[in-house]
Structures are given as C-alpha cells and as structure tokens.
Amino acid sequence: MTHRRWFTPWLLAGPALVWLAVFNLWPAVNTVILSFTNARPLGGGHFTGLENYRRALDDEQLTDALVNSVVYLLVCLPLLTLLPLLLALLVEKRLPGITFFRTAFYTPVVASAVVVGLVWGWVLDDRGLLNGLLHQLGLADRPVSFLTDRWLLLFSAIALTVWKGLGYYMVIYLSALGNVGRELHEAAAVDGASATRRFWHVTLPGVRPAMLLISVLVSVSALRIFSELYVLSNGTGGPGGRDMSVVMLIQMYSRGFTGHIGYASALSILLFVLTVGPMLVLARLNRKAA
C-alpha cells in the first residue's frame, strides 16, 4: 500500500501557488503600496499618504474618463445583454446553412482588437468609406467627424465594442438555451401560451444565470475599456484628450522615464473599486430575484 505523505499535495500545487504569488498577489499588494507614494520609474519614491487620492479628486481628465466609462457601461450593458440573446434565439434553430451564420457572427470575436480598430478607423475616417457613402447618397454635405468629435468618437468605440462582443456572448447564451428543456416550451404551447409569453416565462428564467454572468462580464469590460478608444483616437484620447478611458489615463501617467507610478497606482485602485461596484449591485439584484 502506498504511503501518503502530508506534503505531497503541496508539492503538486507548489508551482501554481508560486506563480500566483509572484505574478498576481505581489503585483496587487505592490500597487496598493505604491499608491501611497510619489514613486517614479527610476526612483523608489517616498510615502505621501493620501496625496495621490486627493489629487485624483481635482483631476479633470479623470472626471472625463469616469464619465466616458459610465456612458460606456450604460450603453453596452443593455445592448450586450439583450442583443446576443436574440441572436442566439435566431441561430439555435437547426436549419440548413445555420452553421455558416454562427461562424460569421463569431468571427469578429477571434479577430485582433487592434486590427479591427484600424479597419473601423479607415471606415469612419473623414475620407473613409462611411463618409463617402453618406456623401454619395446626399445625406451629408461635409464629412461627419466620427473620429474627431468627443461624443461621436465615444459612441463609435461603443459600436465597435458591441459589434465585436455579440458573437462571444451569443455562444454563452447558446449554451444556456441548450439547458432549457424543450418539454417546458411544449407544455406552455399546449396551454395556449404565445411565443412572446413563452419567451418571458420559459426562456428568460432558463437563461437568467447566464444573463447575470454576461452582465458582470460586460460591466467589467466596459469600465476597463482600452483598445477601442486607443486605436480609434490614435492614442490621443480624442479632442483635448477628453475621450480617454481610466485605463488609458493610467497608461499615460505610468509610461516613460518621467511617469508618475504612484499616481497611476492610485488610479488603478480607484478603477478596481469602480469595477467591483457593478458586480456587487448585479449580485444583489440576482439574490433578490432568486
């Protein structure tokens, strides 16, 4: 009979624990420590207490970034929670050629965010495809400033995020719909329930856990948005830098030899708190609905 030593499980889990501590736990702890200092890339810095957080309260760029993040969240959350569900209901049916449409809807997910952003930038440019089409149709006398107007740039980035995320969340809903028993739909149909009533009383309750998961994922992604805004604005953050996200702001303050690592770390902590908020709210709503 093999003798089991107490340290055998720890030997097996040891490499993963070391990796977790070095590349996850320590960076998180170090970020909290640095947020209370005036650290620079080439210097350790000194303890400054809550100075970085007081500075954040007066930072107009941070205010704009938070407004952009909240708008991103308020628009993306309902769109990326409901549209993928409707898309999944369309492609779940076993019809000839339906696999092609499933693949077509999922293709943007596997495409690089940078490449997709560059393509959208060419389409939305003042001399791009969309402005050329609007001019040919007589719908616009001059180019629409999709990439140089603050709000048009923000909503262009939101449209890119929604377009790229539809296929990913559609797959999650397809998995959830597969677990909704067809006998429930059949029983509801026998009782005379219309398609709309079956959707509200059978389909939605069946996919509610998936809907909560998607809501959390969309909320976190919207508040941590970076690639879409960065690429569409060519890294400038739009006119006057007013289209920056919080992540772009952190990147701006932390880069270069003269970066403010301490302040960037404080912004990272604020972003973490901002990200946890919607997750707690959605979890609370789900507990009440259960």
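Each residue takes its place number in the sequence, starting with 1.
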Got [X] and [Y] here, is their nearest side-chain heavy-atom distance under 4.5 Å?
X: Arg142; Y: His135; value: no
X: Ser69; Y: Ile225; value: no
X: Leu223; Y: Val247; value: no
X: Tyr173; Y: Leu87; value: no
X: Pro84; Y: Ile214; value: no
X: Ser219; Y: Leu77; value: yes
X: Asp243; Y: Ser233; value: no

Roughly how far, to the nearest 0.5 Å, is [atom2] of [Y] from [atom1] of [X]?
X: Leu274; Y: Ile269; atom1: CG; atom2: CD1; result: 13.0 Å
X: Leu57; Y: Leu270; atom1: CG; atom2: CG; result: 8.0 Å
X: Leu129; Y: Trp120; atom1: CG; atom2: CH2; result: 12.0 Å
X: Arg40; Y: Ile261; atom1: CZ; atom2: CD1; result: 9.5 Å
X: Leu267; Y: Gln61; atom1: CG; atom2: CD; result: 10.0 Å
X: Ile172; Y: Met211; atom1: CD1; atom2: CE; result: 12.0 Å

If you draw a 6.0 Å radius around CG in Asn24, do more than 12 non-hydrogen atoms from other residues or ligands fall strictly inside?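 Check passes, neighbour count above 12.
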Next item on the list: Return yes when atom CH2 of Trp163 has more than 12 non-hydrogen atoms of other residues, nucleotides or ligands closer than 6.0 Å, and no otherwise.
Entry: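 Enclosed: over 12 neighbouring heavy atoms sit under 6.0 Å from CH2 of Trp163.
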For residues 31-38, please give each side-chain donor-acceptor pair under 3.5 Å, one per line with the distance, not counting sequence neighbours.
| from | atom 1 | to | atom 2 | distance (Å) |
| --- | --- | --- | --- | --- |
| Thr31 | OG1 | Pro27 | O | 2.7 |
| Ser35 | OG | Val32 | O | 2.6 |
| Ser35 | OG | Tyr53 | OH | 2.9 |
| Thr37 | OG1 | Leu34 | O | 2.8 |
| Thr37 | OG1 | Ala39 | N | 3.4 |
| Asn38 | OD1 | His46 | N | 2.5 |

For the hydrophobic clusters of this structure (ILVMFWY residues joined by side-chain heavy atoms under 4.5 Å, transitively), does one cluster hold both [X] and [Y]?
X: Met252; Y: Ile250; value: yes
X: Leu152; Y: Phe155; value: no
X: Val276; Y: Leu217; value: no
X: Phe105; Y: Tyr168; value: yes
X: Val218; Y: Val109; value: yes

Where [X] and [Y] come nearest, the two heavy atoms and their spacing:
X: Thr236; Y: Met244; answer: O-CE, 4.0 Å
X: Trp151; Y: Val67; answer: CH2-CG1, 4.1 Å
X: Thr161; Y: Leu80; answer: O-CD1, 4.3 Å
X: Leu153; Y: Leu229; answer: O-CD2, 4.5 Å
X: Asp64; Y: Arg150; answer: O-NH2, 3.8 Å
X: Ala56; Y: Leu62; answer: O-CD2, 3.4 Å

Go through it in stages, so that I can follow the logic: the residues are Asp59 and Tyr263, the test is side chain to side chain contact (heavy atoms under 4.5 Å, CB included), and I'd like the CA-CA distance, side-chain angles, deciding distance and then a yes or no.
CA-CA 11 Å; Asp59 192 338; Tyr263 185 57; 2.6 Å; yes
Quiz question: by atom type and distance under 3.5 Å, do the side chains of Asn68 and Arg242 form a donor-acceptor pair?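 Judged by distance alone, the side chains do not pair up.
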Looking at [X] and [Y], would you say the former's side chain and the latter's main chain have a donor-acceptor pair under 3.5 Å?
X: Tyr72; Y: Ala157; value: yes
X: Arg102; Y: Val91; value: yes
X: Lys164; Y: Ala111; value: yes
X: Ser245; Y: Met248; value: yes
X: Ser268; Y: Ala264; value: yes
X: Asn131; Y: Val144; value: yes

Check: So Tyr230 and Phe226, would you call those rings parallel, tilted or perpendicular, with 30° and 60° as cut-offs?
Finding: parallel
Aromatic ring pairing His260/Tyr253, orientation class (parallel under 30°, perpendicular over 60°, tilted between)
perpendicular
Name of the residue among Val75, Val71, Asp149, Leu232 meeting side chain to side chain contact (heavy atoms under 4.5 Å, CB included) with Leu154: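 So the option named by the test is Val71.
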- request: Please lay out, stage by stage, how Leu204 and Leu85 fare under the test side chain to side chain contact (heavy atoms under 4.5 Å, CB included).
  value: CA-CA 9 Å; Leu204 279 184; Leu85 175 58; 3.7 Å; yes
| message | Phe101 vs Leu90, test: side chain to side chain contact (heavy atoms under 4.5 Å, CB included). Steps then yes/no. | response | CA-CA 10 Å; Phe101 290 99; Leu90 289 175; over 6 Å; no
- request: List the steps and the verdict of side chain to side chain contact (heavy atoms under 4.5 Å, CB included) for Leu79 and Leu166.
  value: CA-CA 9 Å; Leu79 291 180; Leu166 279 175; over 6 Å; no
